[in-house]
Amino acid sequence: MQQIHISNLKDYVGQEITLQGWLFNKRSSGKVRFVILRDGTGYLQCVFFKGNVSEEIFDSADKLGQESSIEITGKVKEEPRAIGGFELDSTDLKIIQASQEYPITPKDHGIEFLLDNRHLWLRSKKQVAIMQVRHRIIKAIRDYFDERDYTLMDPPILTPNAVEGTSTLFETPYFDLGTAYLTQSGQLYAEAGAMALGKVYTFGPTFRAEKSKTRRHLTEFWMVEPEVAFADLDDNMDIAEEFLEYIVQTVLEEKDEELKILERDTSMLQNVKRPMPRITYDEAVELLHKNGVEFEWGKDLGGTDETLVSNQFDKPVMVHRYPAEVKAFYMKRDPENNNLALALDVLAPEGYGEIIGGSQREDNLDELLDRIKEHNLPQDTFEWYLDLRRYGTVPHSGFGLGLERTVSWICGLDHLREAIPFPRMIYRNTP
RNA sequence: UCCGCGAUAGCUCAAUGGUAGAGCAUUCGGCUGUUAACCGAAGGGUUGUAAGUUCGAGUCUUACUCGCGGAGCCA
C-alpha cells in the first residue's frame with residue numbers, strides 16, 4: 001500500500017487523499033469541528049463541517065479521545081491559519097481504535113509522571129522532535145566517518161575486566177568463567193581495530209554503575225569512539241573539531257524545524273566552526289584562578305569548573321595535557337613533561353560540559369607495563385592489549401563522544417533523560 | 001555515599017491548627033474558523049506509610065518509603 005504522510009502534503013494540494021495516524025487534539029465550535037491528526041511526520045488540522053459529513057462522523061469528530069487511531073479522508077488545501085500551513089477539508093473518518101482517557105493531557109505534567117509514561121510521552125511534539133534530531137546526529141556521526149574511510153567495528157558488550165579500573169561496573173555471572181562486566185568503553189578494542197584497519201570507530205551502548213545522580217548522567221548511554229593509527233594528539237584535536245563542526249552544522253541545516261519546536265536559540269550553535277580554541281590544563285587552571293576559583297593544580301575539573309572555563313568562549317573549547325594522575329592508565333605521557341598526559345577533553349558551551357574525552361595512547365610496551373602496575377591492574381587480562389605494543393606498535397589516538405550529551409546540548413535540553421528513548425538511571429529502569 | 005527539597009482528585013497545583021478547592025482530563029449541554037479554543041453543569045479524595053502532640057492535624061513532631069535537585073565520579 002502506498003502511504004501518504006503529512007510531511008509531503010505539498011505534493012497533494014487540491015487532491016482528495018486518505019491519511020492514517022492518531023488524534024493529537026480536537027476543538028469544536030457548533031457546526032465546525034477541528035481534529036488535529038498526528039502521523040509521526042507532522043501535524044495536520046482536519047476540518048469537519050456539519051452537513052459535509054454524516055451525522056455519525058460529525059459526532060465522532062467531537063467524541064473521540066486523545067491518541068485514538070484514525071483514518072481521515074479529505075481534500076488538501078493550503079491554509080495559513082492551520083499548523084503546518086495545510087488543512088484537510090474532511091469527508092470521511094474511520095476509527096481504528098477509540099482511545100479513552102489518555103494519561104498525558106494537554107496541560108502540565110511532572111517529570112516522575114512523564115517518565116513513568118515514557119512509552120506514551122514519546123508521542124509528544126517535543127519528544128518527537130528530540131528523537132528526530134537524535135537520529136540525524138547519529139546519521140551525521142556515521143556519515144562523517146564512513147565518508148573518510150573509517151571502518152565501523154563493534155566492540156563486545158560483555159567484557160572480562162574494567163577498561164579504566166576506577167569506574168564501577170555492572171556485573172553478571174558468566175557460566176564457568178566467573179563474572180563478566182558490561183562494557184564502559186569500547187576503546188581498548190578499537191585500538192586493536194586501528195592496528196588492523198588503520199581508521200576505525202565503535203558506536204554502541206556503554207554502561208556505568210556509578211551512583212551518579214545528576215542531569216548529566218545515565219547508567220546506560222551511547223558512545224562513539226574513533227581510533228586512528230599514526231595519529232598524535234594534535235591530529236586527534238583536528239579530527240575532534242572537524243567532527244563536531246560537521247555534526248552541528250548538518251543538524252542546523254536539516255533539522256531547523258525540529259529545533260524551532262524545541263525553542264532552541266541556535267546562535268551559539270552557529271559558531272561551532274573551525275578553528276576551535278585549544279588551551280592546556282595549565283591555562284584552564286589559570287583561568288579559574290583569574291575568576292576567583294580556589295582550584296588546586298592536579299585535580300580534575302569539576303562540573304562547575306568546566307562551566308566556568310567554557311563560558312569564556314563562544315564555541316566548544318578543547319582542554320589538553322591534563323595531570324597524568326587523574327587520567328586513565330593507557331594515556332601517553334607528554335614527552336616534554338612526564339607529569340602530564342596527552343589527554344583531550346572538549347567542553348561544550350552553555351554549561352553542557354564534557355562531550356568528548358580522548359587522548360594519544362601509550363604505544364611503548366615498557367611504559368604501559370609500568371602504568372598497569374601503578375594502577376594495580378591484573379596484567380594477565382591485559383596481555384592481548386600489550387600484544388598491540390609488541391607487534392608493530394605505532395603512535396595512535398582516539399576519543400569518545402557521548403551521544404546523549406551531544407543530543408542534549410544541540411537540543412538545549414536541561415536533562416539527559418530526554419535525549420534517549422528509554423533512559424536508565426540509578427532509581428529507574430522502567431518502562 | 002553525602003547535602004537540600006518534596007509527596008493533597010487520573011494529571012498539575014491551592015488550602016492562618018478549625019466544613020478538602022481550582023484548572024486540565026472524563027461525562028452532559030451550548031457556540032459556523034478553532035490554535036494548550038471558549039462558556040455552563042456533573043461525577044471524582046483513607047491528603048505517601050506508621051506513630052505522636054492537640055478539644056481538633058493536609059498543616060506541628062519523629063521514623064520509614066518513594067521521588068526530585070545538587071556534590072563526588074564521569075561521556
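A note on names: the letters A, B, ... follow the listed sequences, proteins ahead of strands, and every chain is numbered from 1.
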Is the aromatic ring of Phe221(A) within stacking range of rA75(B), meaning centres under 5.5 angstrom and planes under 30 degrees? yes
Both distances below 3.5 Å, Watson-Crick or wobble geometry, any strand: find the nucleotide opposite rG45(B). none
Using Watson-Crick or G-U wobble geometry with both distances below 3.5 Å, tell me the partner of rG56(B), or none. none
Indicate, with a heavy-atom threshold strictly under 4.0 Å, whether Ile36(A) touches base, sugar-phosphate, or nothing. nothing
Rounded to whole Å, CZ of Phe86(A) lies from P of rG33(B) at a distance of 24 Å
How far does the C1' atom of rU32(B) sit from the matching atom of rA42(B), given to the nearest Å? 27 Å
Answer yes if the side chains of Tyr330(A) and Asp363(A) hold a donor-acceptor pair under 3.5 Å, and no otherwise. no
Note: Arg333(A)-Glu367(A) ion pair, threshold 4.0 Å (strictly below): no
Using a 4.0 Å heavy-atom cut-off across all strands, classify Ile356(A) as base, sugar-phosphate, or nothing. sugar-phosphate
Starting from the 5' end of RNA chain B, give me the residue, Val32(A) or Leu416(A), whose nearest nucleotide shows up first. Val32(A)
Return whichever of Ile355(A) or Met425(A) has its heavy-atom-nearest nucleotide of RNA chain B closer to the 5' end. Met425(A)
Does NZ or CZ of Arg33(A) come closer than 6.0 Å to the centre of the six-membered ring of Phe49(A), within 45° of the ring's axis? no
Select base, sugar-phosphate, or nothing to describe what Arg216(A) touches, counting heavy atoms under 4.0 Å on all strands. base
Separation of Gln45(A) atom CD from rG33(B) atom C1', in whole Å? 8 Å
Whole-Å distance separating the CZ atom of Phe34(A) from the P atom of rU32(B): 12 Å
Side chains of Arg264(A) and Lys255(A) in contact at under 4.5 Å (non-hydrogen atoms): no
Is rU1(B) paired to anything, Watson-Crick or G-U wobble with both distances less than 3.5 Å, and if yes, which nucleotide? rA71(B)
Parallel, tilted or perpendicular, judged at 30° and 60°: which one describes the rings of Trp297(A) and Tyr281(A)? perpendicular
When you measure only distances, ignoring hydrogens and angles, does the side chain of Ser28(A) come within 3.5 Å of the base of rC31(B) through a donor and an acceptor? yes
Just to be sure I understand the rule, does Gln100(A) reach a base, reach only the sugar-phosphate, or reach nothing, if contact means heavy atoms closer than 4.0 Å? sugar-phosphate
Hey, can you tell me if Phe399(A) and Phe243(A) have their rings parallel, tilted or perpendicular (30° and 60° cut-offs)? tilted
Just how far, in rounded Å, is P of rA75(B) from CD1 of Ile410(A)? 19 Å
What pairs of nitrogen or oxygen atoms, one from the protein and one from nucleotides 4-13 of chain B, lie under 3.5 Å apart?
residue	atom	partner	partner atom	Å
rC11(B)	O2'	Asp108(A)	O	3.4
rC11(B)	O2'	His109(A)	ND1	2.4
rU12(B)	OP1	Gly110(A)	N	3.1
rU12(B)	O4'	Asp108(A)	O	3.1

Side chain of Arg208(A) - closest among rC31(B), rC28(B), rA75(B): rA75(B)
Kindly say if Arg27(A) contacts the phosphate of rU34(B), meaning a side-chain N or O under 4.0 Å from OP1 or OP2. no
Can you say whether a donor on the side chain of Ser212(A) sits under 3.5 Å from an acceptor on the base of rC73(B), or the other way round? yes
CG of Asn52(A) versus C1' of rU32(B): gap in Å, rounded? 11 Å
Could one point to a donor on the side chain of Arg417(A) or the base of rC68(B) with an acceptor on the other under 3.5 Å away? no
So does Glu55(A) pair up with Lys50(A), basic N to acidic O under 4.0 Å? yes
Base, sugar-phosphate alone, or nothing: which one does Lys213(A) contact when heavy atoms must sit under 4.0 Å apart? base
Partner nucleotide, any strand, of rA50(B) [Watson-Crick/G-U, under 3.5 Å]: rU62(B)
When rounded to the nearest Å, what value does the distance between P atoms of rU8(B) and rG48(B) take? 6 Å
Interatomic distance where CD1 belongs to Ile104(A) and C1' belongs to rA25(B) [whole Å]: 13 Å
With rounding to the closest Å, how many angstrom separate the C1' atoms on rC24(B) and rC38(B)? 14 Å
For atom C1', what is the distance between rA22(B) and rU54(B), given to the nearest Å? 30 Å
Scan every strand shown for a Watson-Crick or G-U wobble partner of rG23(B), both distances under 3.5 Å, and answer none if you come up empty. rC11(B)
State which of rU35(B), rU32(B), rC68(B) makes the closest approach to the side chain of Tyr427(A). rC68(B)
If you count the non-hydrogen atoms of other residues, nucleotides and ligands that lie under 6.0 Å from CD in Glu147(A), is the total more than 12? yes
Quick one about Glu225(A) and Ser185(A) (side-chain donor to acceptor, distance below 3.5 Å, no hydrogens or angles considered), yes or no? yes
Suppose you measure atom P in rG6(B) against the same atom in rG17(B); what distance do you get, rounded to whole Å? 15 Å
Taking rG58(B) as the reference, what is the distance to rA14(B) when you measure between their C1' atoms (whole Å, please)? 11 Å
Looking at every strand, decide which applies to Asp345(A) at a 4.0 Å heavy-atom threshold: base, sugar-phosphate, or nothing. nothing
Tyr144(A) vs Tyr246(A) aromatic rings, parallel, tilted or perpendicular, using cut-offs 30° and 60°? tilted
Give me the distance, rounded to whole Å, that separates rC60(B) from rA71(B) when you measure between the C1' atoms they each carry. 32 Å
Taking any heavy-atom pair under 4.0 Å as a contact, classify Phe49(A): base, sugar-phosphate, or nothing. base
Is Lys10(A) salt-bridged to Glu78(A), going by a charged N under 4.0 Å from an acidic O? no
Give the rounded distance in Å between these two atoms: CG of Leu413(A) and P of rA75(B). 20 Å
Between rU32(B), rC28(B), rG33(B), which one does the side chain of Arg81(A) approach most closely? rG33(B)
Please report, rounded to the nearest Å, how far the C1' atom of rG67(B) is from the CG atom of Asp116(A). 10 Å
Taking atom P in both rA37(B) and rA75(B), compute the distance separating them and give it to the nearest angstrom. 44 Å
Both distances below 3.5 Å, Watson-Crick or wobble geometry, any strand: find the nucleotide opposite rC31(B). none
Indicate, with a heavy-atom threshold strictly under 4.0 Å, whether Glu87(A) touches base, sugar-phosphate, or nothing. base
